[in-house]
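The next block holds one structure in the form of structure tokens; read it before the comments.
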Amino acid sequence: MRRSTVSLALLVCLGLLVASGTASAQLAPTRKAPRNEPLEKYDNPPAPPRKIETSPRMISRFGVFTSYQVNVDANGQNIIGDAANECPISVDPTDGNKMTIAWRQFNDVTSNFRQAGWGYTTDGGLTWTFPGVLQNGVFRSDPVTQSDEIGNFFYLSLQSDQNLSFFCDDLWRSTNGGQSWVERSPDRGAGGGDKQWLTIDKTAGPGHGFQYQSDDGANCSGGGVEFQRSTDGGVTWQAPIVIPQGPVYGTLDVDTNGNLFIGGEGNTFYCVRSSNAQFGGQTPTFDQVTPVNLGGDLGFGGINPAGLDGMLFLAIDRSGGPTNNNIYMLASVVPPGRSTTDVMFVRSTDGGLTFSAPQKINDDPVNPSKWHWFGTFSVAPNGRLDAVWHDTRNAPNNTDSQLFYSYSTDAGVTWAPNVAVSNSFNPFEGYPNQNKIGDYITIVSDNTGGNVAYSATFNFNPNRNQHEEDVYYVRVSPTGGPTPTPTPLVTPTPTPTPMVTPTPTPNVTPTPTPSGTPTATPTVTPTPTATPRATPRPRPTPHPRP
């Protein structure tokens, strides 16, 4: 039950928001994330055609950090009246200047009909090109992207129809840095469901190139929480297999030995292993299921009224060093007795057999009314951990949010002081006839920093007298400011380690900032000092915009 003091604080905040006239929604009750029900529904037809108006793209500066708008038109301008959220990012490991970000594209906020949008960059995120959507007029949602070790990008997209008769995926591939995409499987041919996540085996083992996905049970086959594998680069997908304990809303990863791990929440959080999914001639089985305490549960509602407050992210260290094959899990969770969220982290150093006690990453004083939501993280090739999330700690109304960042160089034992990365934004504005700003944000790390894709409401829409949801890219790093564009990475040769005995289971120069740029005063935070800083290399001259 929500504490009376928290309820009072929230009521006061809501009163301030209504009085100011800047909010377009109210805090909804927070509840445990739902299971086996679709979060993505075809419940609006496309909005009627309209005159497209534009404004200068948003470049939002906060201290040493600069966020660049990604969902811009062919001339690099902001599109007034659209919306974009849920933004997975992928980076070409052979050329860090090349990245792609996908998102849910709402052409008009009067309808929540959405399509599969994406953008690409060739200059390290300074400028972005938005060529359009994967298929015009086709309802698509829940985008997921991945890259392989040679720089191919993959886009797994959920499709449904107006009769809510299916929730199926198909996979697309880009071999030119995200400039164009070709469908690998026929429409709905990748199976899957809502919400699906994807990973690729990049090891040198027998499963090299295999693709794995899991969903939350509202899926194409009508079964429970399921897993599927493709051994031919996403052209065909094998029949779904039910995952023990039904973990949902969680990602997958592969260790250097080719073992697949899936994270998610069932009756508690779980880390589930398949050690034979890497063998194409065998039907994958799950030989280890470990319950994990993350200090709370995934939440739904509250700061994100019609959506999740975060998902579970699982990632594995493949640095080849002392922390190689450590398994990490991070999520924004609702602790017991609370209605708001903290970013919590655990690690396993024994192949997922056991996990550490949950550790809180947001370092503000204990304050049960504050939100630390959409937590996500990434493991760099050198083993550093980078985490980002939305945070209301500096907001008197407790709803305006900023992107925050922290990192760890000791396998998550200690974390650097939290640093605010973005200006403040109102997450309640710009809703595309759907009261949420998506369900997740993402980050991909390299040896010097992290590349972040997130949604925020910095642009102002004069036609609706409110801000609008857009997708942004920002570079974070332990040095506290912009870092050199990463050079191609050399993936370490996997070193075989003893297999864990299976445990039986019950089953460019930036343009001037346009008017309307937020003017929040940067938060002064301690400079992280956990590790010596790498000497920055000059950033290469950005390539001309395509």
Side-chain angles (χ1 to χ4, degrees), residues 1-7 9-10 27-37 39 195 197 216 225 245-251 262-272 289-315 327-348 352 354-377 385 387-393 398-399 401 404 406 408 412-413 415 418 427 436 439-441:
M1 179 177 294
R2 185 178 298 182
R3 296 179 181 176
S4 59
T5 54
V6 176
S7 299
L10 292 177
L27 281 174
T30 306
R31 61 186 176 99
K32 188 171 180 177
R35 292 179 58 83
N36 299 319
E37 64 178 77
L39 299 180
K195 165 67 176 92
W197 286 102
D216 70 0
V225 177
Q245 300 298 332
V248 299
Y249 307 135
T251 63
I262 303 173
E265 186 175 36
N267 61 321
T268 186
F269 287 98
Y270 287 94
C271 177
V272 182
V289 180
T290 305
V292 180
N293 175 17
L294 267 167
D297 296 309
L298 295 179
F300 185 97
I303 192 86
N304 198 33
L308 297 172
D309 301 319
M311 292 195 181
L312 183 282
F313 290 86
L314 180 151
I327 303 168
Y328 306 113
M329 296 171 67
L330 178 146
S332 290
V333 303
V334 182
R338 288 265 299 278
S339 61
T340 55
T341 49
D342 284 327
V343 181
M344 304 298 291
F345 168 86
V346 294
R347 68 185 168 281
S348 173
T354 61
F355 281 80
S356 64
Q359 180 179 358
K360 185 166 70 76
I361 305 305
N362 49 284
D363 61 5
D364 50 330
V366 175
N367 187 335
S369 71
K370 295 299 181 180
W371 293 88
H372 314 91
W373 55 295
F374 278 10
T376 186
F377 83 114
L385 308 179
V388 292
W389 63 93
H390 290 332
D391 199 302
T392 68
R393 71 178 70 179
N398 197 34
T399 55
S401 299
F404 266 69
S406 184
S408 173
V413 176
W415 291 80
N418 300 176
K436 67 178 184 178
D439 290 311
Y440 53 90
I441 61 175

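Note that the coordinates shown come from a computational prediction; the quantities given were computed from them, not determined experimentally.
Remark: Asp309 pairs with no residue by the salt bridge (charged side-chain N to carboxylate O under 4.0 Å, His left out) rule, at least two apart or across chains. With sequence neighbours left out, the ring-ring contact (aromatic ring centres under 6.0 Å, His included) criterion links Phe377 to no other residue. Partners of Thr354 under the side-chain contact (heavy atoms from CB on, under 4.5 Å) rule, at least two apart in sequence or in another chain, are Asp350. In this structure Trp197 satisfies the side chain to side chain donor-acceptor pair (under 3.5 Å) test with no other residue, sequence neighbours excluded. For His372, the ring-ring contact (aromatic ring centres under 6.0 Å, His included) test picks out no residue, with sequence neighbours left out. With sequence neighbours excluded, the residues that form a side-chain contact (heavy atoms from CB on, under 4.5 Å) with Val334 are Thr30, Arg338, Thr341.
No donor-acceptor distance shorter than 3.5 angstrom exists from the side chain of Ser406 to the backbone of Ala387, with no hydrogens or angles considered. Side-chain N or O atoms of Gln245 include none that pairs as donor or acceptor with a backbone N or O of Tyr270 at under 3.5 Å. Using a distance-only test at 3.5 Å, with no hydrogens or angles considered, no donor-acceptor pair links the side chain of Ser356 to the main chain of Val346. A donor-acceptor pair is defined here as one N or O able to donate and one able to accept, closer than 3.5 Å; no such pair exists between the side chain of Ser348 and the backbone of Ile327. With hydrogens and angles ignored, the 3.5 Å screen pairs a side-chain donor or acceptor of Thr340 with a backbone N or O of Lys370.
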Tell me, with the steps shown, if Asn304 and Phe374 meet side chain to side chain contact (heavy atoms under 4.5 Å, CB included).
CA-CA 10 Å; Asn304 198 33; Phe374 278 10; 3.7 Å; yes
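Atoms OG and CG, on Ser401 and Asp391 in that order, are 7.5 Å from each other to the nearest 0.5 Å. One distance of note links OH of Tyr440 with OH of Tyr249; it measures 12.5 Å at 0.5 Å rounding. Here the straight-line distance linking atom CG of Leu298 with atom NZ of Lys32 works out to 8.5 Å at 0.5 Å rounding. The OG atom of Ser408 sits 8.0 Å away from atom CZ of Arg347, with the distance rounded to the nearest 0.5 Å. Note that the OH atom of Tyr328 and the CZ atom of Phe355 stand 11.0 Å from one another [nearest 0.5 Å].
Pro291 approaches Thr268 most closely through the heavy-atom pair CB-CG2, 4.0 Å. Across all their heavy atoms, Val292 and Met329 have their closest contact at CG2-SD, 4.0 Å. Closest of all the heavy-atom pairs between Leu312 and Leu330 is CD2-O, 3.6 Å. Residues Asp297 and Phe269 approach most closely at CA-CE1, 4.3 Å, considering heavy atoms. Closest non-hydrogen pair, Gly296 versus Pro336, comes out as CA-CD, 4.4 Å. The two residues Asp439 and Lys436 make their nearest non-hydrogen contact at OD2-NZ, 2.8 Å.
Cation-pi geometry between Arg31 and Phe300 is met: under 6.0 angstrom from the ring centre, within 45 degrees of the axis.
Between His390 and Ile441, some side-chain heavy-atom pair lies under the 4.5 Å cut-off. At a threshold of 4.5 Å between non-hydrogen side-chain atoms, the residues Trp389 and Ile361 count as touching. Contact check for Trp373 versus Thr392: side-chain heavy atoms found under the 4.5 Å cut-off.
No hydrogens or angles considered: a donor-acceptor pair under 3.5 Å links the side chains of Arg393 and Asn418.
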